[in-house]
Amino acid sequence: LNLKVRHFEFRDGSIDAEAEHLPLTARGDGLFVLLTYERFRHRYNVTIRSHRMQVDSAPWRSLNVQLDASAELERDRVTIRRAKFTHAASSVEASGELRDFARPAAVFRVSSRIQAADLAPIPAFSNLRSGELAFDGTAHYDASAPLAISGLVTGRQVTYDSHVFPLQDVDFQSDVTASREQATFS
């Protein structure tokens, strides 16, 4: 299948994860989908690109991104060779594997470079004023440890406006391990 779509819309969808239900709407232009089947390996190879895609999901604001992704789909596994989301000067790139759909487990390598201005509309980051944040590490999910993240987080010329703990043009680097409940920096 080699599909080119000028405009697409995905309305009133949702993502259900860990007993949370997040509404999802996506639309975009210039969608390219290539799907091939490898008969001897019993898998599909998928390439998806969109030069302009808008994603809406509460509680975040509408986000305009470019998408470039390639994956392999097998009976009980999805391998993401590369998924890159780009917004202005920010980008998030991931690769990894999701397996065992009955009891999902996932391990992903994540690399991101995000401008503070792109994070500021998210309530948890509303005090960010300027700078760049980066993360290079891994994210792991399974039934025994719902979400675990570890890696290196860096900040360059970060300005954080707070009455309690203001920062201006700060550079930092730290190892981080995090779960849904806590984050530890060292």
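The analysis underlying the following values was restricted to heavy atoms, covering all of them including side chains, and did not include hydrogens, waters or symmetry mates.
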*Distance from Tyr44 atom OH to Thr36 atom OG1, nearest 0.5 Å?*
10.0 Å

*asked:* Check this for me: does any side-chain nitrogen of one of Asp56 and Arg27 sit under 4.0 Å from a carboxylate oxygen of the other?
replied: yes

*Partner residues of Glu181 under the salt bridge (charged side-chain N to carboxylate O under 4.0 Å, His left out) criterion, sequence neighbours left out*: none

_Salt-bridge criterion met for Arg52 and Asp29 (N-O under 4.0 Å)_ = yes

*Which distance, rounded to the nearest 0.5 Å, do you find between the CG of Asn45 and the CD of Glu72?*
5.5 Å

*Atom pair CG (Leu67) and NE2 (His87), whose distance is rounded to the nearest 0.5 Å*: 15.0 Å

*For Asp68 and Arg49, run salt bridge (Lys or Arg N to Asp or Glu O under 4.0 Å): C-alpha distance rounded to whole Å, both residues' side-chain angles, the deciding distance at 0.1 Å, then the answer.*
CA-CA 5 Å; Asp68 187 0; Arg49 287 188 207 110; 3.5 Å; yes

*Leu152, Ile114: one ILVMFWY side-chain cluster at the under-4.5 Å cut-off?*
no

*Nearest 0.5 Å please: distance from the CD atom of Glu93 over to the OG atom of Ser111.*
6.5 Å

*Please step through side chain to side chain contact (heavy atoms under 4.5 Å, CB included) for the pair Phe8 and Met53, ending with a clear verdict.*
CA-CA 9 Å; Phe8 71 93; Met53 187 167 77; 3.8 Å; yes

*N-O pairing of Arg77 and Glu97 below 4.0 Å*: yes

*Any Lys/Arg nitrogen of Arg113 or Asp136 sitting under 4.0 Å from an Asp/Glu carboxylate oxygen of the other?*
yes

